[in-house]
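Order of the sequence lines fixes the chain letters, A, B, ..., with proteins taken first and strands second; residue numbering starts at 1 for each chain. It should be emphasised that the depicted structure is a prediction, and the values quoted were computed from it without experimental measurement.
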Number of protein chains: 2
Amino acid sequence: MYATAQSSTHRSANPGLAGLASRPAQSWPRRIELLAADTEIYAQGERSGTLYHIEFGAVRVYRLLADGRRQVVAFHLAGETFGFEADRSRSFFAETTVETGLRMMEPGDYDQCAPELMAAALRGMVRAQEHLLVVGRQSAVEKLAVFLLDLAKRQGDNDQIDLPMTRNDIGDYLGMTIETVSRNLSRLRDDGILRLRSSRCIEVLQPERLRKLCQ
Amino acid sequence: MYATAQSSTHRSANPGLAGLASRPAQSWPRRIELLAADTEIYAQGERSGTLYHIEFGAVRVYRLLADGRRQVVAFHLAGETFGFEADRSRSFFAETTVETGLRMMEPGDYDQCAPELMAAALRGMVRAQEHLLVVGRQSAVEKLAVFLLDLAKRQGDNDQIDLPMTRNDIGDYLGMTIETVSRNLSRLRDDGILRLRSSRCIEVLQPERLRKLCQ
DNA sequence: CGCTGAGTTGAAATAGCTCAACTCCTGTGG
DNA sequence: CCACAGGAGTTGAGCTATTTCAACTCAGCG
């Protein structure tokens with residue numbers, strides 16, 4: 001299931017920019033684990049502790065309700081670190097969304113409490129709370145606009161956006177159905193704001209108008 | 001605007017139980033600042049750093065959109081600590097929802113990085129992400145059930161729940177309108193699950209049925 | 001005792017959901 | 001290299017939960 005890798009598709013242009021702090025390279029092991037798309041990294045209830053640094057690819061972190069409804073609480077892209085938990089056991093599931101290269105780190109003890117870990121944890125909290133505003137208080141188009149601009153920024157502010165996840169993932173991240181995602185992307189396309197190069201690649205034609213949609 | 005206090009209404013029965021870790025008493029100053037209801041504690045953009053420990057009362061932490069839509073990202077009750085930020089400046093607003101007693105602490109430097117602060121920050125992140133599931137993926141009744149059970153637990157699992165906030169606050173916390181909050185509370189009352197003793201006090205008549213609603 | 005803000009209830013409007021049909025990739029095997 | 005199968009995405013039509021707008025009640029307070 002694992003293999004050591006040095007190349008893959010879906011590589012992000014700009015590691016280090018993104019959400020959670022990137023860490024000094026020497027503290028991460030050399031070895032990169034290559035995981036296929038849709039591979040489980042950890043599951044709710046498992047013992048927590050291990051942190052992960054994404055070399056390339058993307059990861060969804062999510063939670064489930066009993067009846068299968070799913071909320072993706074975060075996507076993590078190349079250059080980002082994830083796996084922080086408050087407890088000894090995982091509160092969430094983590095899976096790759098595309099072929100992904102990971103470095104793993106056993107932080108020994110959280111109480112060692114490196115400042116960078118603290119910073120990353122705090123950033124994770126703020127990101128989650130900002131996401132709450134989007135999910136709770138914005139309309140479908142607004143949600144998509146925020147999502148796309150966030151992705152664009154994390155990929156180095158190209159007007160070409162790579163979507164390393166399905167419409168289903170996006171829907172479960174933004175709290176809406178796959179059909180609503182699709183319809184509203186089409187709407188943004190019809191308005192001349194986006195061009196849908198392929199289902200996994202979007203070109204932003206009018207960034208200002210997209211930005212205006214975020215409020 | 002401030003005064004030193006030793007008593008107030010809306011005191012929570014069970015400090016220390018709640019969301020963010022309570023800290024060793026000696027690290028907090030003796031002095032309690034008394035704030036009236038709806039008093040600003042800090043605003044978005046202000047310099048961050050200060051942490052707050054709630055002696056009694058309640059606080060809402062929220063974010064605004066340009067057009068005034070509001071998302072309450074967290075309520076904090078007696079015994080809880082709040083004020084963590086990832087940045088040098090505040091990402092959120094914090095206000096009292098009722099008359100509240102606070103102790104303030106300048107943590108000098110976050111990089112000192114006490115393990116308890118790390119733990120509290122991580123719990124904050126997990127709470128926010130769990131809240132995301134509720135806001136993004138649950139129906140109005142389900143949201144209210146989760147909200148009430150959470151409040152009950154934090155108040156010591158009485159079947160009497162004190163609501164130290166308005167319907168507006170609740171709606172902005174759960175991502176719904178004040179009318180939907182009201183209608184669904186009435187519905188739970190009509191179903192015999194709740195008794196609305198007053199607009200700020202709810203008695204849970206059938207906890208199991210309420211729990212079942214959460215999925 | 002009446003005023004005011006909070007909460008409740010009703011009716012109509014609507015954004016997003018559900019169900020269903022259809023298209024379009026993509027990748028696999030002949 | 002092509003054909004075809006299956007999954008992912010799109011589009012349509014009708015439905016429904018929630019919102020919006022409005023009227024009304026109630027509790028607390030000067």
Side-chain angles (χ1 to χ4, degrees), chain A residues 9-10 36-38 60 65 67-71 97-99 134-145 147-148 161-191 194-202 213, chain B residues 9-10 36-38 60 65 67-71 97-99 134-145 147-148 161-191 194-202 213:
Chain A
T9 52
H10 289 294
D38 300 306
R60 63 178 162 251
L65 287 172
D67 62 359
R69 280 176 288 177
R70 186 179 72 155
Q71 176 70 45
T97 61
V98 293
E99 196 178 25
V134 175
V135 171
R137 282 294 178 223
Q138 302 208 237
S139 70
V141 223
E142 290 170 341
K143 287 176 180 179
L144 276 168
F147 173 69
L148 291 174
I161 305 175
D162 196 53
L163 300 177
M165 69 282 288
T166 64
R167 298 287 187 269
N168 226 310
D169 290 329
I170 299 174
D172 285 348
Y173 179 65
L174 297 175
M176 59 209 223
T177 61
I178 176 179
E179 294 96 331
T180 304
V181 173
S182 187
R183 263 186 260 278
N184 283 279
L185 283 178
S186 302
R187 187 178 145 192
L188 290 171
R189 176 201 58 199
D190 296 345
D191 290 354
L194 301 180
R195 181 171 159 233
L196 309 179
R197 300 185 127 266
S198 79
S199 69
R200 294 300 191 93
C201 180
I202 289 177
L213 281 177
Chain B
T9 54
H10 290 295
D38 300 305
R60 61 178 163 253
L65 288 171
D67 62 0
R69 278 176 289 176
R70 186 180 72 155
Q71 176 70 44
T97 61
V98 292
E99 196 178 25
V134 175
V135 170
R137 282 292 175 223
Q138 303 206 238
S139 70
V141 225
E142 291 171 340
K143 287 177 180 179
L144 277 168
F147 173 69
L148 291 174
I161 305 175
D162 197 52
L163 300 176
M165 70 283 287
T166 65
R167 297 289 186 268
N168 227 309
D169 289 328
I170 298 173
D172 285 349
Y173 178 66
L174 296 176
M176 59 208 224
T177 61
I178 175 180
E179 293 95 331
T180 304
V181 173
S182 187
R183 264 186 261 276
N184 283 280
L185 283 179
S186 301
R187 186 179 146 192
L188 290 171
R189 175 201 58 199
D190 296 346
D191 290 352
L194 302 179
R195 180 170 160 235
L196 310 178
R197 300 184 126 267
S198 79
S199 69
R200 293 301 191 92
C201 182
I202 289 177
L213 281 176

| task | Could you grab the distance from atom CG of L144(A) to atom CG of L174(A), nearest 0.5 Å is fine? | result | 6.0 Å

For residues 178-188 of chain B, which side-chain donor-acceptor pairs fall under 3.5 Å, sequence neighbours excluded?
unit_1: T180(B); atom_1: OG1; unit_2: T177(B); atom_2: OG1; d: 2.9
unit_1: N184(B); atom_1: ND2; unit_2: T180(B); atom_2: O; d: 2.8
unit_1: S186(B); atom_1: OG; unit_2: S182(B); atom_2: O; d: 3.0

| request: May I ask you to evaluate whether T177(A) reaches the phosphate of dG16(C), defined as a side-chain N or O under 4.0 Å from OP1 or OP2? | output: no

| note | In whole angstroms, the gap separating P of dG9(D) from CD1 of I202(A) amounts to 11 Å

| field | Whole angstrom value for the distance that separates P of dG28(D) from CZ of R200(B) | value | 11 Å

| How is S186(B) classified with respect to the nucleic acid when contacts are heavy atoms under 4.0 Å: base, sugar-phosphate, or nothing? | sugar-phosphate

| field | Spacing of N168(B) atom CG relative to dG7(C) atom P, expressed in whole Å | value | 8 Å

| said: Heavy atoms only, 4.0 Å cut-off, all strands: where does S198(B) land among base, sugar-phosphate and nothing? | reply: nothing

| field | Atom-to-atom span, CD1 of I178(A) to C1' of dT23(C) - whole angstrom | value | 14 Å

| request: Using atom types as modelled and distance alone, determine if a side-chain donor or acceptor of Q71(A) lies under 3.5 Å from a backbone N or O of Y173(A). | output: yes

| query | Where the side chain of S199(A) is concerned, which of dT18(C), dG10(C), dG9(D) is the nearest nucleotide? | reply | dG9(D)

| said: I'd like to check L65(A) versus Q138(B) (side-chain heavy atoms, cut-off strictly below 4.5 Å). Are they in contact? | reply: yes

| Mapping M165(B) and T180(A) onto DNA chain C by nearest heavy atom, which one lands closer to the 5' end? | M165(B)

| task | Can you tell me the distance, in whole Å, between the CG atom of L185(A) and the P atom of dT10(D)? | result | 7 Å

| field | Separation of dT18(D) C1' from R137(A) CZ (nearest whole Å) | value | 11 Å

| Quick one: are I161(B) and L148(B) in side-chain contact, heavy atoms under 4.5 Å? | yes

| request: Quick one: label R189(A) by what it contacts on the DNA or RNA (base, sugar-phosphate, nothing), any heavy atom closer than 4.0 Å. | output: sugar-phosphate

| message | Counting only side-chain nitrogens and oxygens, does R167(B) get under 4.0 Å of the OP1 or OP2 atom of dT8(C)? | response | yes

| task | Going by the side chain to side chain donor-acceptor pair (under 3.5 Å) test, name the single residue among R69(B), R60(B), R167(B), R70(B) that passes it with D172(B). | result | R70(B)

| task | Find out whether R197(B) and I202(B) are in side-chain contact, i.e. whether some heavy atom of one side chain is under 4.5 Å from a heavy atom of the other. | result | no

| Interatomic distance, L163(B) CG vs dT8(C) C1' [rounded to whole Å] | 15 Å

| task | Take atom CG of D172(B) and atom P of dT19(D), then tell me their distance rounded to the nearest Å. | result | 11 Å

| said: The side chain of E179(A) is closest to which nucleotide in this list: dT18(D), dT18(C), dT8(C)? | reply: dT18(C)

| note | Double-helix bend of the helix from dC1(C)-dG30(D) to dG30(C)-dC1(D), axes at both ends from 5 pairs, round to 10°, gives 30°

| message | OP1 or OP2 of dG12(D) versus the side-chain N and O atoms of R183(A): is any pair under 4.0 Å? | response | no

